[in-house]
Enquirer: 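Sending over a structure as structure tokens; questions will come in a sec.
Order of the sequence lines fixes the chain letters, A, B, ..., with proteins taken first and strands second; residue numbering starts at 1 for each chain.
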Amino acid sequence: MHDLQLFRGQLEETATRLASRGFRLDLEAFRGIDRRRRDAVTEVEKLKAERNERSKDIGARKKAGEDTAELQAQVRGIGERIAELESGAEGLDREFQDLLKGIPNLPHESVPLGAGAEDNVEVRREGTPRPMDFEAKAHWDLGTELGILDFERAAKVTGARFAVYFGLGARLERALINFMLDTHTAEHGYTETLPPFLVNSESLFGTGQLPKFAEDLFKCENFDLWLAPTAEVPVTNLLRDETVDTDRLPIKLCAYTPCFRSEAGSHGRDVRGIIRQHQFQKVELVKFAHPEQSYAELESLTHDAEDILRKLGLPFRTVALCTGDMGFSSAKTYDIEVWLPGQNSFKEISSCSNFEAFQARRAGIRYRGAKKSEYMHTLNGSGLAVGRTWVAVVENYQQKDGSVIVPGALRPYLNAEVITRQGVLS
RNA sequence: GGAGAGGUGGCCGAGUGGUUUAAGGCGCACGCUUGGAAAGCGUGUGUACAGGAAACUGUACCGAGGGUUCGAAUCCCUCCUUCUCCGCCA
């Protein structure tokens, strides 16, 4: 959410910057409703001031033993007038707030201009794909043939876009989680956090998923609880409505959680394999930073996420998302894309964003500034999406016979050097 | 699930219908005092919105939402949450 004063003060410039990310702000409508709302509020407040004053007078007169029946009747009339006007004022205010809540964040000046993914800018590329003297298979074939991955039984138990892992397949997922958490805590200075996997509406509003993107989420019936679509939601909201001393910044947390997404609107995309599932595992990096430091923190956070791929020997590239391709709440985003030989392309495996004060303002996350408390900046990034890392390991380290070499960094966790056919249920 | 007790500013804590403009304390900031510091003394110390060039003023906020009243931190209702005991449970 935006700072109303700032927003109003630089309306034209703001509209231009929003247009660069494809959002059209209707200036006429904005000014109109803002004006009407302020007029209505002013009128109601005037009446309330009068009522307060006269009520106080009644109190004083009663104490002096006077008869105040007539005065009370007059003030009751004011009260009725207030009730009439107030509902109108509240309606206008709600309308205005809804308009404001629906406006995406402003892109940082360093974000490349563009309309869609084709305008994103590659900022670096590391690692080279392992040479293969055979045709690379996709993970869905490798996984099912190895007996470590099963889509049909998952569909029976739950439905489409779910998977079951067996044996070393399941263990590989767990190994990756532990490897990522160990690396981020021991080497990158993050504090391990295990948050709830269900979150309430207020938390989802704080990080920006609600009210606009409810259809992307799973909701519990009869409860104000939703399955978290990313650990960003529970972890960022840990500091909701709190004010933190400046010298404690930056606060760096990492968390493993399952993530649940309805994937409404992505029918037909990534239908095969585990690239796009309703449930996936993720290790998330979250930072709370001083506004002056947040862009340096974004660079290091992105580097921390890339580090997992470096250690696993997986080729990747990092792209700066253009204005038209960024998420609703983000001011700047880097996507990290890993090389997948089975698809012969790079695939997003992490998205690292600086939200500046956009989430902090919605969630009331502050630090104690020089004079008064100010909104801090929040950042987060996947470090990494575990399911997609699983895919990357399996596809990049596959051998001609269909087995998978375990990268050195994972061997202590997996207790195996190569994944061969398990054949437990198939 | 049952019974009981709570939720008040950055923190502690008073406050059961009307100068509460939320007492008092701690903390913090500034000033006085001091060779310097501490102590002491004094002043100030929330958020949001509205009005105003500004100083400043108004409105709302005492867990949340409704209600009663001329007037609600205070009375009533619903919900959330914390603690204690009991029951159930991994």
Enquirer: State, without any angle test, whether A:Thr378 and A:Gln359 hold a side-chain donor-acceptor pair at a distance under 3.5 Å.
Expert: yes

Enquirer: Checking base pairs now: Watson-Crick or wobble, both atom distances under 3.5 Å. What partners B:G4?
Expert: B:C83

Enquirer: With no hydrogens and no angle check, do the side chains of A:Glu232 and A:Thr236 hold a donor and an acceptor under 3.5 Å apart?
Expert: no

Enquirer: Give a yes/no on whether any side-chain N or O of A:Arg35 is located under 4.0 angstrom from OP1 or OP2 of B:G51.
Expert: yes

Enquirer: Between A:Arg361 and B:A48, does any side-chain N or O lie under 4.0 Å from OP1 or OP2?
Expert: no

Enquirer: Under a 3.5 Å cut-off for both contacts, is B:A55 paired Watson-Crick or G-U wobble with anything, and if yes, with which nucleotide?
Expert: none

Enquirer: Using the P atoms only, state how far B:C85 lies from B:C11, rounded to an integer number of Å.
Expert: 27 Å

Enquirer: Between B:U43 and B:U47, how far apart are the two P atoms, rounded to whole Å?
Expert: 22 Å

Enquirer: Using the P atom on both, measure B:G9 against B:A73 and round to a whole Å.
Expert: 15 Å

Enquirer: A:Ala49 has a side chain; which of B:A50, B:C70, B:U59 sits nearest to it?
Expert: B:U59

Enquirer: Quick test of your reading of the model: are A:Glu152 and A:Lys156 salt-bridged, counting only N-O distances below 4.0 Å?
Expert: no

Enquirer: Between atom CG in A:Leu6 and atom P in B:A48, what is the gap in whole Å?
Expert: 13 Å

Enquirer: Rounding to an integer number of Å, can you tell me how far A:Lys56 NZ sits from B:C70 C1'?
Expert: 14 Å

Enquirer: Would one find a side-chain N or O of A:Arg38 under 4.0 angstrom from OP1 or OP2 of B:G51?
Expert: yes

Enquirer: CG of A:Asp241 versus C1' of B:A64: gap in Å, rounded?
Expert: 12 Å

Enquirer: Establish, with yes or no, whether the OP1 or OP2 oxygen of B:C70 is under 4.0 angstrom from a side-chain nitrogen or oxygen of A:Arg76.
Expert: yes

Enquirer: Between protein and nucleic acid, restricted to nucleotides 72-83 of chain B and to nitrogen or oxygen atoms under 3.5 Å apart, what atom pairs and distances do you find?
Expert:
none

Enquirer: Got a donor-acceptor contact below 3.5 angstrom from the A:Ser330 side chain to the A:Met326 backbone?
Expert: no

Enquirer: B:G67 and B:C28: how far apart are their P atoms, nearest whole angstrom?
Expert: 44 Å

Enquirer: Does a side chain donor of either A:Asp216 or A:Ser262 reach within less than 3.5 Å of an acceptor in the other side chain?
Expert: no

Enquirer: In whole Å, what separates the P atom of B:U78 from that of B:U74?
Expert: 16 Å

Enquirer: Separation of A:Arg37 atom CZ from B:C49 atom C1', in whole Å?
Expert: 7 Å

Enquirer: Mind checking the P distance from B:A23 to B:G44? Whole angstroms is fine.
Expert: 12 Å

Enquirer: In whole angstrom, give the distance that lies between atom CD of A:Glu202 and atom C1' of B:A64.
Expert: 9 Å

Enquirer: Measure from NZ on A:Lys48 to C1' on B:A48 and round the result to the nearest Å.
Expert: 13 Å

Enquirer: What interatomic distance, in whole Å, is found between C1' of B:C62 and the corresponding atom of B:G4?
Expert: 24 Å

Enquirer: In whole angstrom, give the distance that lies between atom CD of A:Glu374 and atom P of B:G46.
Expert: 14 Å

Enquirer: Using Watson-Crick or G-U wobble geometry with both distances below 3.5 Å, tell me the partner of B:U45, or none.
Expert: B:G27

Enquirer: Taking only the side-chain nitrogens and oxygens of A:Asn52, find out if one of them lies under 4.0 Å from OP1 or OP2 of B:U59.
Expert: yes

Enquirer: When rounded to the nearest Å, what value does the distance between P atoms of B:U59 and B:U21 take?
Expert: 10 Å

Enquirer: Write down the partner of B:U33 under the Watson-Crick or G-U wobble criteria, each distance required to be under 3.5 Å.
Expert: none

Enquirer: Surrounding NZ of A:Lys46 (heavy atoms of other residues, nucleotides or ligands, distance under 6.0 Å), is the total greater than 12?
Expert: no

Enquirer: Within the pair A:Gln97 and B:A48, is there a side-chain N or O less than 4.0 Å away from OP1 or OP2?
Expert: no

Enquirer: How about NZ on A:Lys219, more than 12 heavy atoms from neighbouring residues, nucleotides or ligands closer than 6.0 Å, or not?
Expert: yes

Enquirer: Quickly work out the A:Glu86 CD to B:G65 C1' distance and round it to whole Å.
Expert: 14 Å

Enquirer: Please determine, for B:A39, whether a Watson-Crick or G-U wobble partner exists with both distances under 3.5 Å, and give it or none.
Expert: none

Enquirer: Considering every strand shown, what is the Watson-Crick or G-U wobble mate of B:C88 when both distances are under 3.5 Å?
Expert: none

Enquirer: Give a yes or no answer on whether the side chain of A:Lys287 reaches the backbone of A:Pro250 with a donor-acceptor pair at less than 3.5 Å.
Expert: no

Enquirer: Would you call A:Glu263 and A:Arg261 a salt bridge, taking side-chain N to carboxylate O under 4.0 Å as the test?
Expert: no

